[in-house]
Protein chains: 2
Amino acid sequence: MAESAKALETSARILDAAEKLFVEHGFHATSMRLITQAAGVNIAAVNYYFGSKDGLFKAVFERRAEPFSQLMLAHLEEAERANPVPSALQIVHAFTNAALQMGNEPDYGGQLFVKLLARTFVEPHPALKESMPRRYGEVSRRYIAALGRAMPHLSELELHWRFHFLSSALFNAFAGNNVLRLFMAQPIVNARDPELVARMLLPFVVAGLNAPSAG
Amino acid sequence: MAESAKALETSARILDAAEKLFVEHGFHATSMRLITQAAGVNIAAVNYYFGSKDGLFKAVFERRAEPFSQLMLAHLEEAERANPVPSALQIVHAFTNAALQMGNEPDYGGQLFVKLLARTFVEPHPALKESMPRRYGEVSRRYIAALGRAMPHLSELELHWRFHFLSSALFNAFAGNNVLRLFMAQPIVNARDPELVARMLLPFVVAGLNAPSAG
DNA sequence: GTACTTTTCAAACATGTGTTTGAAATTGTG
DNA sequence: CACAATTTCAAACACATGTTTGAAAAGTAC
């Protein structure tokens with residue numbers, strides 16, 4: 001039962017390298033040899049510690065998933081303590097602050113997890129099908145409920161749509177997926193600076209949330 | 001120089017199958033054998049007609065890129081004929097109508113191209129680095145300019161940000177990237193119906209565009 | 001019908017993939 | 001120290017990958 005410091009360090013190094021490479025190139029385009037080489041460990045170490053490449057991906061995800069969900073909840077609860085019925089702006093702030101804090105604290109893996117989430121939206125991985133809703137189901141419901149109190153003119157269904165658009169916008173923005181870079185040779189927006197993204201995005205999504213019903 | 005009907009049919013079948021599979025599984029997770037099997041052609045046919053897998057991807061993209069950019073331009077120009085200074089709503093309508101029309105006309109490949117675009121935002125392919133800005137640079141500038149006339153209170157930089165958020169939201173929405181499906185077991189939003197998506201999305205993005213400056 | 005080009009095809013190519021093996025090295029324990 | 005469990009490692013495994021080959025088939029032109 002000896003979990004030596006060295007062993008912990010090895011699996012952590014693998015997780016760090018894999019996280020970075022999965023974000024950069026995606027799951028399929030990242031080979032085991034690339035990961036283990038970047039981590040400076042033997043190629044067999046991944047299977048030794050995580051069973052398989054799929055197991056590694058799941059482990060990479062789960063290391064950040066719980067802290068981030070707790071961060072999201074904590075910021076929402078803080079907003080609700082300050083104001084029993086927080087405004088759309090305050091709710092979005094809770095969301096973005098969670099993402100920004102995740103990016104700032106090195107222990108949470110920088111911006112990487114948010115980027116990984118954004119990637120996973122368009123490239124879902126079977127290994128997450130079960131664990132993610134279990135972790136984020138309640139968080140999502142809490143945010144949607146808060147949005148419902150802030151915008152009572154919207155139906156339950158439309159609230160879900162708004163939350164859908166909100167998350168999509170936030171994660172894509174923070175992930176730095178620069179749509180314009182595909183469309184224009186030299187886009188003048190700098191989608192890499194999270195603080196700037198948050199400042200630019202805020203008025204957009206808050207106004208979107210407060211918009212009248214589609215009817 | 002004989003371009004027989006059979007040859008045209010073969011390359012078209014490859015393009016159709018590849019387009020569908022690239023959208024479904026992404027570039028790296030789609031093998032040549034899967035493509036050629038789905039198209040009912042020999043595996044060597046891809047290299048014969050398109051040189052390589054990368055060449056095929058580029059060809060898949062370029063078949064739809066020009067029609068879609070022309071559709072986007074045509075709808076914007078139509079809006080500007082009806083009203084010299086179209087509102088944000090009318091500009092977004094031009095955008096969404098182009099996407100919807102692309103989805104409805106079978107000759108344009110259904111919704112597939114929009115989905116492919118959305119995928120390519122997070123998983124850029126080197127083969128498109130040059131051709132896309134050449135095709136969509138002017139279209140983007142025209143839309144941004146139109147947005148600038150509709151919202152004169154925004155700076156050039158902030159206009160680019162708004163257009164960035166707008167395109168991101170539109171493409172992700174139409175691509176059916178269901179963020180909520182990763183977060184909740186049974187999301188009640190149906191992100192697969194383009195008409196419904198457009199109706200739900202419209203008030204959100206229009207209000208977002210019209211929002212006051214971030215200052 | 002013959003000569004030529006274009007297209008198809010099965011087979012093989014070299015290389016990359018995730019994974020397993022079994023022994024060596026290291027670490028923890030009595 | 002000696003014994004056992006844990007961790008590392010080079011090598012090999014079986015298989016999948018994109019690509020190429022060279023001959024057979026189909027099509028075109030005179």
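None of these values were measured; they are calculated from a predicted model. These values consider heavy atoms only, across backbone and side chains, with no hydrogens, waters or symmetry-generated copies. Chain A is the first sequence line, chain B the second, and so forth, proteins listed ahead of strands; every chain is numbered from 1.
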message = At less than 4.0 Å, is any side-chain N or O atom of Asn42(B) found next to OP1 or OP2 of dA10(C)? Yes or no.
response = yes
request  = To the nearest Å, give me how far apart CD (Glu9(A)) and P (dT7(D)) are.
outcome  = 13 Å
ask   = When you check the phosphate oxygens OP1 and OP2 of dT8(C), does a side-chain N or O of Tyr49(B) lie under 4.0 Å from one of them?
value = yes
message = Among residues at least two apart in sequence or on other chains, which ones pass side-chain contact (heavy atoms from CB on, under 4.5 Å) with Gln90(B)?
response = Asn83(B), Pro86(B), Ser87(B)
Heavy-atom check, side chain of Trp161(A) versus side chain of His164(A), under 4.5 Å = yes
task = Would you mind reading off the distance between Phe27(A) atom CZ and dG18(C) atom C1', rounded to a whole angstrom?
result = 10 Å
query = Okay, side chain of Thr120(A), backbone of Glu123(A): is any donor-acceptor separation there less than 3.5 Å?
reply = no
remark   = Between CG of Asn47(B) and C1' of dT8(C) the distance, given in whole Å, is 14 Å
note = Ile14(B) atom CD1 is separated from dC9(C) atom C1', nearest whole Å, by 13 Å
All pairs passing side-chain hydrogen bond (donor to acceptor under 3.5 Å, both in side chains) where residues 187-208 of chain B contributes a residue, at least two apart = none
ask   = Between Gln37(A) (CD) and dC9(D) (P), how many Å, whole number?
value = 14 Å
message = Both Ala44(A) and Val41(B) contact DNA chain C. Which one's nearest nucleotide lies toward the 5' end?
response = Val41(B)
request  = Quickly work out the Ile43(A) CD1 to dG16(C) C1' distance and round it to whole Å.
outcome  = 10 Å
ask   = Counting only side-chain N and O atoms of Thr10(A), is one of them less than 4.0 Å from OP1 or OP2 of dT7(D)?
value = no
request  = Scan residues 28-35 of chain A against DNA chain C and write down, sorted by residue number, each residue with any heavy atom closer than 4.0 Å; if none is found, say none.
outcome  = Thr30(A), Ser31(A), Met32(A), Arg33(A)
Would you be so kind as to tabulate the donor-acceptor pairs closer than 3.5 Å made by side chains of residues 35-48 of chain B, with sequence neighbours excluded?
residue, atom, partner, partner atom, Å
Thr36(B), OG1, Met32(B), O, 2.8
Thr36(B), OG1, Arg33(B), O, 3.3
Asn42(B), OD1, Ala44(B), N, 2.8

remark   = Those residues at least two apart in sequence (or on a different chain) that pass side-chain contact (heavy atoms from CB on, under 4.5 Å) with Ser69(B) are Glu66(B), Tyr136(B), Val139(B)
message = Please enumerate all residues that pass ring-ring contact (aromatic ring centres under 6.0 Å, His included) together with Phe204(B), with sequence neighbours excluded.
response = Phe165(A)
query = Taking atom P of dG18(D) as reference, at what distance in whole Å does atom CZ of Phe50(B) sit?
reply = 15 Å
